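Below: one structure, written as structure tokens.
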Amino acid sequence: MVNYEKILKENGQEHLLKYIEMGNKEQKENLISEISKINFNQVNELYKISNKDNEKAIESCLIEHTKFVDKYRISNDEFEKYKNIGENIIKNGEYDVVTMAGGQGRRIGHNGPKGTFLLNVNPKPKYLFEIIADGLKMANEKYGITLNWYIMTSTENNDKTVKFFEEHNYFDYPKNKVKFFKQGNLPLVSEEGKLLVDENLHIKYAADGNGCIYRAMQQGGVLDDMKKNNIKWIFIGSVDNAILNMVDPILLGLTVSDGNKIGSKSVVKRSPQERVGVFCKKNNKPAVIEYTELPTEMANELDEDGELLFGESHIMCNLYSIEALDIISKNQLPYHSAHKKATYLDENGELIKPTKPNAYKYEAFIFDGFTFFDNISILRGRREEDFAPVKNAEGEDSPETAIQLYNNFWKK
Ligand code: UTP
């Protein structure tokens with residue numbers, strides 16, 4: 001048996017011994033087993049990145065504007081060319097769609113997987129998952145195909161998500177074409193670098209971020225499945241955009257004609273202060289800078305046409321060739337830390353519900369996968385046609401704004 005006492009002491013986590021003492025026989029055994037599975041080197045490395053000054057990290061990089069193509073400013077000939085290329089791939093059955101649904105949806109305050117959030121749209125309310133299912137069904141009808149629909153869940157929400165689909169008869173999407181796979185998770189640590197324990201005496205974990213999708217697709221057999229089905233191009237989108245266009249032949253045609261392995265849709269940033277990441281070139285590679293990392297001066301910089309130099313928002317509308325996913329999934333993306341509120345059991349057995357952030361969560365970001373390539377095709381779309389995010393309980397990017405965008409889009 002592993003000497004957990006020694007391991008805990010060596011890694012500065014001996015406080016966990018108190019929780020082992022606290023538990024009944026079963027809880028003790030569980031906790032010891034959980035401890036034996038922890039990668040303490042990883043925990044120590046993660047703790048080192050906590051609370052880093054992001055602006056400083058950006059200052060040491062070469063950040064440049066990146067090119068994009070405006071969907072509504074391309075010539076008719078080009079439009080037709082891209083459309084034909086894209087549609088051929090789609091009709092040939094070489095295209096699949098993945099939905100990232102492993103997030104928490106904490107900001108909207110919904111109790112359950114975010115895709116199970118009901119949006120009060122016209123003519124009848126629809127769940128976010130239902131909106132996606134309907135969008136895919138329309139694409140299937142249009143192109144005479146049945147797209148495979150892969151859904152990434154997390155340890156926390158997988159069972160609830162699958163149950164929800166069962167209860168709603170998969171929203172009439174062919175059940176054998178819907179495939180769930182799980183992302184991983186990472187331990188939460190306190191501000192002092194200590195692992196946290198919950199009220200049932202389990203180590204506290206959280207989903208490892210949407211950037212872990214690449215590895216999860218590889219480990220969950222999704223990439224192999226796609227290769228077996230001769231899939232060449234894969235769209236990966238978020239669960240919380242009520243007008244996400246998951247099957248856009250123009251984005252696909254543009255990426256193929258550019259000879260790129262990755263593509264992405266953008267919309268123009270509403271204002272320099274909007275809380276979205278923007279595309280750029282970072283040390284000559286395609287990248288996205290988070291709003292928290294973009295220095296104010298750069299956020300306000302204009303180009304010769306008076307447009308924001310860093311104004312192409314990343315809206316989680318990404319396209320990859322199967323080779324691209326293979327390449328990224330073999331690499332470890334960097335983790336970023338987030339300062340969060342985490343309820344935990346203190347060493348006296350008392351449940352603490354903090355009122356301010358008290359712990360670090362570590363996440364990989366999907367756009368960090370772009371840096372493995374020299375170029376990306378960016379297609380600028382329009383907010384009213386491409387982006388109705390449900391992020392906040394109220395105000396900007398809330399159910400209210402998403403409903404309005406959804407209703408206007410479908411009225412057209
Ligand atoms: P966000 O980070 O914007 O939102 O995820 P969230 O995690 O759902 O909600 P908050 O931050 O707790 O309020 C953007 C997309 O990435 C997915 C989400 O499900 C959403 O589709 N995501 C996020 C994952 O699949 N896994 C993660 O670990 C994080």
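As the structure is a prediction and not an experimental result, all values here were calculated from the model. In each ligand, atom 1 is the first atom listed, and ligand 1 is the first ligand listed.
- A salt bridge is defined here as a Lys NZ or Arg NE, NH1 or NH2 lying under 4.0 Å from an Asp or Glu carboxylate O, and Arg270 with Asp397 meets this definition.
- The nearest protein atom to atom 19 (O) of ligand 1, hydrogens excluded, is given as Gly103 N, 3.0 Å; this is a heavy-atom distance.
- A distance-only check finds a donor-acceptor pair linking the side chain of Asn140 to the backbone of Leu147 [under 3.5 Å].
- Between Asp208 and Arg215 there is no salt bridge, since no side-chain nitrogen of the basic residue lies less than 4.0 Å from a carboxylate oxygen of the acidic one.
- Remark: ligand 1 and Gly209 share an N or O pair separated by less than 3.5 Å (distance only, no angle test).
- Contacts with ligand 1 closer than 4.0 Å are made by heavy atoms of both the backbone and the side chain of Met100.
- A salt bridge is absent between Lys340 and Glu363: the closest approach of a Lys/Arg side-chain nitrogen to an acidic carboxylate oxygen does not fall below 4.0 angstrom.
- Atom numbering of ligand 1 starts at 1 in the shown order; those under 4.0 Å from a heavy atom of Met152 are 25 (O).
- One finds a salt bridge joining Lys175 and Glu166 here, because a Lys/Arg side-chain nitrogen approaches an Asp/Glu carboxylate oxygen to under 4.0 Å.
- For the pair Lys391 and ligand 1, the shortest N or O to N or O distance falls below 3.5 Å.
- For the residues Asp397, Val390, Thr153, Asn210, the heavy atom positioned nearest atom 16 (O) of ligand 1 is part of Asn210.
- Glu141 has no carboxylate O lying under 4.0 Å from a charged side-chain N of Lys137, or vice versa, which leaves the two without a salt bridge.
- Heavy-atom proximity to Lys114, at under 4.0 Å, picks out these atoms of ligand 1: 4 (O), 8 (O), 9 (O).
- Close N/O approach between Arg107 and ligand 1 is found [any backbone or side-chain N/O within under 3.5 Å].
- Nearest protein heavy-atom contact of atom 26 (N) of ligand 1 is Gln183 OE1, 2.6 Å.
- With Phe310 as reference, Met298 is the one residue of Lys269, Glu64, Met298 to meet the side chain to side chain contact (heavy atoms under 4.5 Å, CB included) rule.
- Within the structure, the closest approach of Ala101 to ligand 1 falls below 4.0 Å when heavy atoms are considered.
- Ring geometry for Trp149 against Phe165 counts as perpendicular: the plane angle is over 60°, on a 0 to 90° scale with 30° as the lower cut.
- The nearest protein atom to atom 12 (O) of ligand 1, hydrogens excluded, is given as Arg106 N, 2.9 Å; this is a heavy-atom distance.
- Backbone and side-chain nitrogen or oxygen atoms of Lys340 are examined, and none is located within less than 3.5 angstrom of a nitrogen or oxygen of ligand 1.
- Between Gly102 and ligand 1, at least one pair of N/O atoms sits closer than 3.5 Å.
- At the top of the distance list for atom 6 (P) of ligand 1, counting protein heavy atoms only, stands Gly105 N, 3.7 Å.
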Does the side chain to side chain contact (heavy atoms under 4.5 Å, CB included) test come out yes or no for Met217 and Tyr320, once each step is laid out?
CA-CA 13 Å; Met217 287 177 76; Tyr320 304 81; over 6 Å; no
Run the numbers on Leu333 and Ile328 for side chain to side chain contact (heavy atoms under 4.5 Å, CB included), then give the verdict.
CA-CA 8 Å; Leu333 299 192; Ile328 310 173; 4.1 Å; yes
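- Distances between N or O atoms of Ile108 and those of ligand 1 include no value under 3.5 Å.
- For ligand 1, the atoms sitting less than 4.0 Å from at least one non-hydrogen atom of Ala207 are 28 (O), numbered in the order shown with element in parentheses.
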